[in-house]
Amino acid sequence: MLLVRGSAAGTTLTGTLYERGEEAPSFKGAPDEAAPYVWVCDEFYAVESGGSTQEVGGQDVNVAFESPMPRGFDTREQALDAAREHVRTQFARIGVDPADVDIEVEPEHEAEI
């Protein structure tokens with residue numbers, strides 16, 4: 001599993017990329033289990049009222065969340081490109097310039113007990 005994390009304007013969004021051989025999520029709308037790479041991440045957008053208030057760039061922004069839309073890919077490169085684009089798009093939807101988003105990709109680490 002890889003975590004794809006975008007940071008900008010004082011906030012962070014992290015999604016999960018399930019790799020070949022890992023068990024992808026199995027909820028309604030999940031892609032075919034046969035997809036070698038599966039990307040799952042929240043989707044959200046700015047709203048005039050309602051939603052959850054998030055501080056973004058020193059300003060309060062009302063954010064509404066959509067159900068995650070898992071997507072399947074044939075190659076790791078396709079999946080990572082789509083993950084990076086997805087994260088930048090979510091920031092753009094709340095008024096952050098996608099060029100200002102720093103993207104990190106790292107393996108998920110289990111918590112040590």
Side-chain angles (χ1 to χ4, degrees):
M1 241 179 280
L2 297 176
L3 300 179
V4 179
R5 180 175 295 118
S7 301
T11 193
T12 301
L13 171 65
T14 303
T16 304
L17 177 62
Y18 295 87
E19 297 188 279
R20 185 180 304 276
E22 295 177 332
E23 189 172 325
S26 60
F27 51 88
K28 184 178 179 184
D32 182 349
E33 292 176 9
Y37 298 90
V38 177
W39 166 247
V40 180
C41 188
D42 286 338
E43 295 188 23
F44 51 83
Y45 54 95
V47 293
E48 291 294 320
S49 63
S52 300
T53 303
Q54 303 288 321
E55 186 174 327
V56 179
Q59 297 182 4
D60 286 343
V61 176
N62 291 341
V63 177
F65 288 84
E66 299 173 348
S67 296
M69 174 89 80
R71 296 173 54 199
F73 299 92
D74 291 327
T75 69
R76 188 175 199 246
E77 183 177 308
Q78 289 172 333
L80 284 171
D81 286 347
R84 289 180 183 105
E85 181 63 27
H86 175 93
V87 169
R88 286 188 176 102
T89 297
Q90 299 317 298
F91 276 95
R93 293 172 84 185
I94 59 171
V96 176
D97 185 339
D100 293 339
V101 180
D102 293 323
I103 304 282
E104 296 177 88
V105 177
E106 59 186 62
E108 181 184 54
H109 298 285
E110 301 260 341
E112 292 184 27
I113 298 177

Check your understanding: Residues two or more places apart in sequence or in another chain: which of them pass side-chain hydrogen bond (donor to acceptor under 3.5 Å, both in side chains) with Q78?
Key -> T75
Point to revise | Partner set under ring-ring contact (aromatic ring centres under 6.0 Å, His included) for Y45, not counting sequence neighbours | key: none
For residues 95-103, which side-chain donor-acceptor pairs fall under 3.5 Å, sequence neighbours excluded?
unit_1: D97; atom_1: OD1; unit_2: A99; atom_2: N; d: 2.9

Exercise for review: Compare all side-chain heavy atoms of L3 with those of T16 and state whether any distance is below 4.5 angstrom.
Suggested key: yes
N/O donor to acceptor pairs below 3.5 angstrom from side-chain atoms of residues 87-94, sequence neighbours left out:
unit_1: T89; atom_1: OG1; unit_2: E85; atom_2: O; d: 2.9
unit_1: T89; atom_1: OG1; unit_2: E85; atom_2: OE2; d: 3.4
unit_1: Q90; atom_1: OE1; unit_2: F44; atom_2: N; d: 2.9
unit_1: Q90; atom_1: OE1; unit_2: R93; atom_2: NH1; d: 3.2
unit_1: R93; atom_1: NE; unit_2: F44; atom_2: O; d: 3.3
unit_1: R93; atom_1: NH1; unit_2: F44; atom_2: O; d: 3.4
unit_1: R93; atom_1: NH2; unit_2: E66; atom_2: OE2; d: 3.2

Review point. Looking at side-chain heavy atoms only, is the closest gap between Y37 and R20 below 4.5 Å?
Key: yes
Point to revise | Same apolar cluster: F65 and V4, side chain cutoff 4.5 Å | key: yes
Check your understanding: Do the non-hydrogen side-chain atoms of V56 and V63 ever get within less than 4.5 Å of each other?
Key -> no
Check your understanding: Can you name the residues that form a side-chain hydrogen bond (donor to acceptor under 3.5 Å, both in side chains) with E19, not counting sequence neighbours?
Key -> R76
Revision key, fill the gap. Sorted by chain and number, sequence neighbours left out, ring-ring contact (aromatic ring centres under 6.0 Å, His included) with F73 holds for none
Review point. Between E55 and D60, is any pair of side-chain heavy atoms under 4.5 Å apart?
Key: yes
**Study point:** Between CG on residue L2 and CD on residue E22, distance to nearest 0.5 Å
**Key:** 7.5 Å
Point to revise | Partners meeting side-chain hydrogen bond (donor to acceptor under 3.5 Å, both in side chains) with T14 (sequence neighbours left out) | key: R5
Exercise for review: Identify, with sequence neighbours excluded, every residue that meets side-chain hydrogen bond (donor to acceptor under 3.5 Å, both in side chains) alongside N62.
Suggested key: T53
